[in-house]
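Starting from 1, each residue takes its place in the sequence as its number. For the numbers below, each heavy atom of this structure counts, side chains included, while hydrogens, waters and symmetry mates do not.
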Amino acid sequence: MTASGTHTGPHAGNGDDLDVEEALALVRGPRADQTARTHRADPAAHPEHPHPHPHGHEGATPWPRAREIAARAARRATRRPVVSVALGDALGLVLAAPLDALSDLPSFDTSAMDGWAVAGPGPWQLRDGGVLAGHAPPEPLTDGEAVRIATGARVPTGVTAVLRSEHGRTAPQDRLHATGEVTHGQDIRPRGQECRRGDQLLPTGTLITPAVLGLAAAAGYDTVTVVPRPRAEILVLGDELLTEGLPHDGLIRDALGPMLAPWLRALGAEVIAVRRLGDDAKALRKAITSSRADLIVTTGGTAAGPVDHVHPTLDRIGAELLVDGVGVRPGHPMLLARIKADQHLVGLPGNPLAAVSGLITLAEPLLRTLAAHPAPEPYAMPLREAVQGHAHDTRLVPVVLRGERAVPLHYSGPAMLRGIATADALAVVPPGGAEQGAGMELLDLPWTTAGIGVCFT
């Protein structure tokens with residue numbers, strides 16, 4: 001089961017000097033490398049040593065090890081400079097500099113309630129008019145005076161308390177009486193109650209949620225310094241793919257083109273292009289060597305067939321294969337390659353559910369690490385029914401969550417999307433399968449997790 005980082009820890013002093021590795025150190029926490037150790041602790045569940053792979057593929061990487069390699073590859077990428085973005089563009093990013101208070105918050109004494117600002121002991125003589133939020137500073141009050149005041153309005157000089165509307169009554173001759181005890185400072189938010197100028201509000205490495213955006217705005221920020229979104233480019237391969245209409249004459253609809261871009265965005269990437277290349281080795285080579293993306297994702301062509309051009313192309317351009325086949329079903333012919341020091345390629349199998357497996361196995365840890373996101377908290381649930389396993393490989397099985405049980409879904413073959421389309425998560429089934437009631441590690445799908453994970457823009 002994967003380990004989780006935290007948002008705690010010391011912050012880097014100068015945000016402009018922070019790189020991804022430093023931000024990662026802050027969000028990973030002390031358990032950064034426990035993913036592999038946790039999986040290796042149970043050799044029966046996840047064999048450490050590569051095993052002969054079907055279809056002549058030797059030395060497939062065990063599934064947990066492949067995920068670890070993907071995360072480590074991102075950590076070793078070339079330093080990525082931090083950027084300053086407007087608050088409206090910062091959701092889901094990670095702070096690359098501490099968020100320090102630019103002023104006292106609140107910056108002046110304010111009323112916490114609608115009611116009356118009162119000076120000294122009551123009863124009080126009501127002054128004409130009232131004090132509203134956002135208006136000019138009010139005239140000072142002297143003892144025995146009161147004035148109507150709205151929530152958020154600046155408290156006049158000389159005020160000793162705010163009397164809530166429901167705790168006062170007015171009498172003839174504009175006299176105000178309290179219906180209960182009035183204490184000094186009651187319902188007044190004093191200047192600097194939340195923070196003083198220069199206080200650290202949030203450390204480097206904090207994930208920017210809607211609440212973080214609200215705090216930054218309240219503190220006077222228009223922009224924040226963040227780790228940038230990793231850029232991704234999708235190369236759709238295959239002469240047999242249609243982009244519209246019904247399948248016919250041996251041609252099939254492309255399911256991956258429409259699916260991958262929003263999925264990668266949900267994983268935090270900026271998708272800069274989706275390109276359809278067919279089965280053209282020259283076009284593939286040109287697309288890879290000219291790409292500006294941090295991550296290139298290809299679909300299909302990762303096996304050894306006559307038009308499977310990914311391996312030969314990577315060899316010709318001198319790419320380094322980090323993962324070449326993974327002990328996981330579906331999706332075993334996936335791969336991860338380092339194109340340049342700051343650029344990687346994930347080769348997905350052409351079958352749709354196998355491609356999803358490749359996204360979760362290789363693309364998700366790499367993108368998460370590039371974006372300095374913490375690993376999700378691991379969790380497990382018992383299976384409502386037994387799941388058949390593969391003799392050697394991990395299986396990723398779509399499930400729905402019903403009460404305290406995970407229910408395996410049908411239509412989970414490599415070419416099928418019917419199961420994953422209704423799934424809440426993927427169950428990580430060890431080699432050999434799992435009995436009814438067995439606790440299974442679950443991997444949430446991006447759109448089923450609460451919060452900023454559901455971010456398709």
Side-chain angles (χ1 to χ4, degrees), residues 6-13 15 26 86-88 90-91 94-122 124 126-127 129-168 176-226 451-452:
T6 65
H7 295 302
T8 60
H11 64 83
L26 292 161
L87 293 187
L91 182 66
V94 168
L95 288 178
L99 194 74
D100 295 335
L102 301 179
S103 66
D104 296 345
L105 193 62
S107 56
F108 46 81
D109 292 351
T110 62
S111 175
M113 291 287 173
D114 292 331
W116 297 272
V118 300
W124 303 272
L126 279 174
R127 180 185 288 179
V131 183
L132 301 177
H135 285 232
E139 293 294 324
L141 293 185
T142 58
D143 280 0
E145 286 188 316
V147 66
R148 271 282 183 187
I149 194 167
T151 302
R154 180 180 295 193
V155 172
T157 303
V159 168
T160 54
V162 169
L163 181 65
R164 301 185 187 190
S165 296
E166 62 268 28
H167 294 166
L176 172 67
H177 298 264
T179 57
E181 183 181 0
V182 179
T183 58
H184 192 278
Q186 174 180 296
D187 288 326
I188 293 175
R189 291 189 64 211
R191 176 174 182 166
Q193 182 185 52
E194 188 164 1
C195 64
R196 290 291 184 180
R197 180 179 179 181
D199 288 351
Q200 185 182 113
L201 303 175
L202 295 169
T204 297
T206 298
L207 184 66
I208 299 177
T209 65
V212 169
L213 293 176
L215 176 60
Y221 282 85
D222 299 314
T223 63
V224 285
T225 303
V226 298
I452 60 102

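Of all non-hydrogen atoms in G168 and L163, the two that sit nearest each other are CA-CD2, 3.9 Å. Scanning all heavy atoms of the two residues, the minimum distance from A146 to L176 falls at CB-CD2, 3.8 Å. Nearest heavy-atom pair across R191 and R196 is O-NH2, 3.4 Å. The shortest heavy-atom contact between L132 and A150 is CD2-CB, 4.2 Å. Minimum interatomic distance between A178 and V182 (heavy atoms only, all atoms of both residues): CB-CG2, 3.7 Å. Closest approach of L141 and A119 over heavy atoms only: CB-CB, 3.9 Å.
Separation of atoms CD (E166) and CE (M113) is listed at 7.0 Å; rounding is to 0.5 Å. The distance from the NE2 atom of H177 to the CH2 atom of W124 is 9.5 Å, given to the nearest 0.5 Å.
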Please step through side-chain contact (heavy atoms from CB on, under 4.5 Å) for the pair L213 and I208, ending with a clear verdict. CA-CA 7 Å; L213 293 176; I208 299 177; 3.5 Å; yes
Under the side-chain contact (heavy atoms from CB on, under 4.5 Å) criterion, do E194 and L215 qualify, and how do the steps go? CA-CA 11 Å; E194 188 164 1; L215 176 60; 4.0 Å; yes
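No donor-acceptor pair under 3.5 Å is formed between the side chain of D187 and the backbone N or O of A112. Panel note: side chain Q200, backbone D100; no donor-acceptor pair is recorded below 3.5 Å. T151 contributes a side-chain N or O that, together with a main-chain N or O of D114, makes up a donor-acceptor pair within less than 3.5 Å.
Taking a 6.0 Å sphere around CD of Q193, one finds it holds more than 12 heavy atoms contributed by other residues, nucleotides or ligands.
Take A219 and apply the side chain to side chain contact (heavy atoms under 4.5 Å, CB included) test, not counting sequence neighbours, and it matches L201, Y221. Not counting sequence neighbours, the partners of S165 by the side-chain hydrogen bond (donor to acceptor under 3.5 Å, both in side chains) test are R148. The side-chain hydrogen bond (donor to acceptor under 3.5 Å, both in side chains) test applied to D109 returns no partner, not counting sequence neighbours.
A 4.5 Å side-chain heavy-atom check between P137 and T157 finds every atom pair outside the cut-off. In this structure the side chain of P203 never reaches within 4.5 angstrom of the side chain of L95, judged on heavy atoms.
Between D104 and R197 there is no salt bridge, since no side-chain nitrogen of the basic residue lies less than 4.0 Å from a carboxylate oxygen of the acidic one.
For the side chain to side chain contact (heavy atoms under 4.5 Å, CB included) with S111, the qualifying choice from V159, V162, I188 is V162, the only one to do so.
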